[in-house]
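All values reported here derive from a predicted model rather than from experimental measurement. All chains are named by letter (A, B, ...) in the order of the sequence lines, taking the proteins before the strands, and each is independently numbered beginning at 1.
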Protein chains: 2
Amino acid sequence: MVSNNAQDEQSYANMAPLTAPDGRPWYSYDIVAVDPQTHARAGVLHTPHGDVPTPIFMPVGTKATVKGILPPQLTQIGAKIILANTYHCAMRPGAELIQEMGGLHEFMQWHGPILTDSGGFQVFSHADNVKLTKDGVTFRAVDYDGSYVTWTPEQNMAIAQKLGADIVMQLDQCAGYPASRAFVERAVELSGSWARRCWQAHTRHDQALFGIVQGGMHMDLRLRSLHYLLDAGDFPGYGIGGYSVGEDHQTMFRTLEPLVADYMPKDKPRYLMGVGNPTTLVRGVACGIDMFDCVLPTRTARMGSAFSSEGRLNLKNARFVHDHGPLDAACTCPVCQGGYTRAYIHHLVRQKEMVGSILLSLHNLYYLLDLMRRARQAIIDGTYGSFVRDWMDLPAAKDW
Amino acid sequence: MVSNNAQDEQSYANMAPLTAPDGRPWYSYDIVAVDPQTHARAGVLHTPHGDVPTPIFMPVGTKATVKGILPPQLTQIGAKIILANTYHCAMRPGAELIQEMGGLHEFMQWHGPILTDSGGFQVFSHADNVKLTKDGVTFRAVDYDGSYVTWTPEQNMAIAQKLGADIVMQLDQCAGYPASRAFVERAVELSGSWARRCWQAHTRHDQALFGIVQGGMHMDLRLRSLHYLLDAGDFPGYGIGGYSVGEDHQTMFRTLEPLVADYMPKDKPRYLMGVGNPTTLVRGVACGIDMFDCVLPTRTARMGSAFSSEGRLNLKNARFVHDHGPLDAACTCPVCQGGYTRAYIHHLVRQKEMVGSILLSLHNLYYLLDLMRRARQAIIDGTYGSFVRDWMDLPAAKDW
């Protein structure tokens with residue numbers, strides 16, 4: 001496999017010129033405004049498939065498809081960048097096939113920026129079916145055909161380069177919560193060593209590789225993890241993993257805020273991985289986070305729930321049978337503006353109709369996309385401090 | 001219940017003026033062209049929610065939703081009129097609720113014409129759980145809550161008026177195939193008597209009530225059924241039921257062709273109920289049929305099948321794994337023109353992703369809508385005879 005990887009690297013190194021056709025770098029990050037009261041920043045991330053205004057929420061298209069939503073609908077609701085899961089794409093239909101089909105963008109017909117995770121999170125969630133080896137990690141794909149799969153950081157980067165996303169993440173190990181300090185420390189050491197190997201193995205110039213900060217709820221381990229990344233290479237951006245894994249908000253922000261605000265490079269985008277509840281987005285932006293992703297808006301939609309300014313609504317509830325109103329009277333999404341009533345969506349959800357999941361998914365995704373659009377405007381206006389305070393006063397804030 | 005019905009009739013009679021606001025009748029049917037070689041006609045059916053060019057295929061929105069497809073997408077693929085099922089809508093969420101929400105158009109946010117069936121087909125498909133009574137039919141809704149429901153023709157018309165479709169169908173009994181002549185004859189007698197009662201009970205001027213010709217594969221019973229309808233009232237259009245219930249094409253067209261071409265009123269639209277396979281559409285138009293509906297395009301889509309000029313494609317098949325082509329190279333639908341490959345759709349179908357069902361549903365519906373658009377143009381051009389011959393030479397023709 002190593003020789004194959006070497007070939008892959010070679011071919012990609014040859015494929016992509018060092019700079020974009022217009023002579024500018026493939027990636028750059030401009031900060032447009034910094035909020036005076038918080039650590040929030042508004043920026044623009046330039047990628048080969050277009051510009052991404054930050055802060056931004058990224059809808060998740062697990063298996064090269066955002067469940068129930070077509071790419072033109074993603075454009076309609078204002079999505080600027082989406083995420084696909086390397087683990088799932090590598091299992092089905094496989095990285096080789098996606099490469100053969102022209103990469104993820106062509107395969108799924110989304111021509112805006114794409115970010116792929118490393119798959120490390122999914123691999124290590126295989127619990128009893130995962131084992132660290134000298135070079136990497138071996139796991140049994142019990143959620144597919146039960147086959148044994150081995151990933152080294154080098155093989156993981158070869159997969160990432162075949163999938164062809166704009167932004168890819170280093171292979172890492174995410175510790176859960178609660179976890180012993182010793183376990184979290186070993187995950188930091190492993191992730192740090194893998195960051196270096198990923199940096200070395202990654203050769204596509206038209207693809208940005210982000211490092212990932214681990215370290216659980218231990219400030220010293222977070223800083224050690226960050227130090228390893230700064231030492232490993234000149235990453236164009238940084239993921240922050242290992243949060244929102246079971247801890248409460250207070251525990252989370254005790255280390256997240258100083259990590260981001262005081263220690264992480266200011267000139268690079270920061271991506272809080274796997275976080276999608278609205279209140280954490282609002283508070284995360286105040287810490288200086290630029291990017292978020294989560295399955296929450298689409299997964300809860302398929303279970304019949306809607307984000308709203310009144311809090312979370314369970315559309316299965318009988319109180320919506322006669323409700324003539326939209327999901328959220330304050331919302332400007334195509335569903336709320338399109339005349340679809342809570343009564344209609346209640347009916348669809350109760351009858352397990354696909355259109356119910358689709359309408360709720362569109363609304364929930366728009367809700368987070370619009371929340372970040374409004375946050376960005378507040379940062380530019382210098383009023384993000386009051387934006388956060390207003391949010392925390394909403395009934396919705398307590399729901400998440 | 002009879003007194004309630006009387007109230008309903010009264011209130012609707014008061015609600016809808018005798019003619020449309022512009023002084024013209026609510027409904028009219030203009031024949032634009034008649035093919036010189038076949039019995040095919042091109043027409044325009046004027047309804048309160050817009051004009052319907054005929055011949056036309058009507059997508060089915062069973063429970064006030066076309067499965068997986070939003071109303072703007074129906075418009076995008078050229079749907080001009082859709083169907084909803086009275087039985088399912090009456091069971092969930094109920095005709096009263098839909099009326100309270102402003103009728104089907106408002107409820108589902110489809111503002112083009114809607115046709116509702118009578119529900120008779122679904123009621124009589126309850127087999128052992130259905131019983132004829134002196135006044136109507138009683139059945140046990142085993143596919144919902146198992147409750148006993150009684151429908152008289154008058155109650156059925158009250159439901160139709162509450163749902164508020166543009167076109168509604170009389171309550172009828174559809175005999176299957178094979179069936180004894182005595183059974184078919186009793187169904188003709190019952191349907192004829194119900195046609196008269198529906199005509200008497202239906203009072204909404206802004207809603208067209210179609211009678212239904214039954215009679216199985218017996219020409220004399222078909223003509224008797226038609227005679228009952230002509231005697232019962234001045235129906236603005238006619239459904240033809242009891243075909244495509246298990247018989248072969250030859251058996252079907254032996255009576256269908258003379259019934260339509262030689263006996264049915266020429267100045268009224270004719271609707272062949274529940275038929276959606278492409279070859280039957282092409283041949284039905286040649287007999288003089290104007291309207292069709294069927295769940296086939298969306299149901300087969302959810303099972304992973306696509307209509308195509310090569311015949312029916314099962315996208316689950318491993319031969320599509322590496323297929324870079326569109327579903328049908330001859331197709332101009334948003335899916336085939338949108339860059340979605342057979343390989344991608346194969347992946348989605350295998351992974352049971354909603355977007356797979358959605359893309360196949362859009363394609364299959366477009367396929368039938370476009371087939372009828374092209375048929376209509378051929379009729380206008382006076383070349384429908386060769387259109388039929390060309391179709392029957394296609395490999396696809398044998399597939400259906």
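- Contact count against chain A (heavy-atom pairs under 4.5 Å) is highest for B:His324 among B:His324, B:Lys67, B:His346.
- B:Glu106 meets the salt bridge (charged side-chain N to carboxylate O under 4.0 Å, His left out) test with no other residue; sequence neighbours excluded.
- For B:Glu353, the part lying under 4.5 angstrom from a heavy atom of chain A is the side chain only.
- Distance alone, capped at 3.5 Å, places no donor-acceptor pair between the A:His322 side chain and the B:Met101 backbone.
- Between the CZ atom of B:Arg92 and the CD atom of A:Gln351 there is a distance of 6.5 Å, given to the nearest 0.5 Å.
- With a 4.5 Å cut-off on non-hydrogen atoms, A:Thr341 touches chain B through its side chain but not through its backbone.
- Panel note: side chain A:Tyr344, backbone B:Ala64; a donor-acceptor pair is recorded below 3.5 Å.
- Remark: B:Arg299 CZ is loosely packed, at most 12 non-hydrogen atoms of other residues, nucleotides or ligands lying under 6.0 Å away.
- Close approach to chain B, defined as a heavy atom under 4.5 Å from one of its heavy atoms, is seen in A:Met354, A:Val355, A:Ser357, A:Ile358, A:Leu359, A:Leu362 of residues 354-362 of chain A, taken by number.
- Contacts of residues 112-125 of chain A with chain B at a heavy-atom distance below 4.5 Å are absent; not one residue qualifies.
- Judged by distance alone, with hydrogens and angles left aside, the side-chain atoms of A:Gln109 form no donor-acceptor pair with the main-chain N or O of B:Tyr340 at under 3.5 Å.
- Under the 3.5 Å distance criterion, the side-chain polar atoms of A:His347 are left unmatched by any main-chain donor or acceptor of B:Phe107.
- Highest contact tally toward chain A, considering only B:Pro71, B:Gly102, B:Ala343, B:Gly339, is held by B:Gly339 [criterion: heavy-atom pairs under 4.5 Å].
- Between B:Leu348 and A:Lys63, every side-chain heavy-atom pair lies at or beyond the 4.5 Å cut-off.
- At a 4.5 Å heavy-atom cutoff, the contact between B:Val321 and chain A is made by backbone and side-chain atoms alike.
- For the salt bridge (Lys or Arg N to Asp or Glu O under 4.0 Å) condition, the pairs that include at least one residue of residues 320-330 of chain B, sequence neighbours left out, are B:Asp323-B:Arg342.
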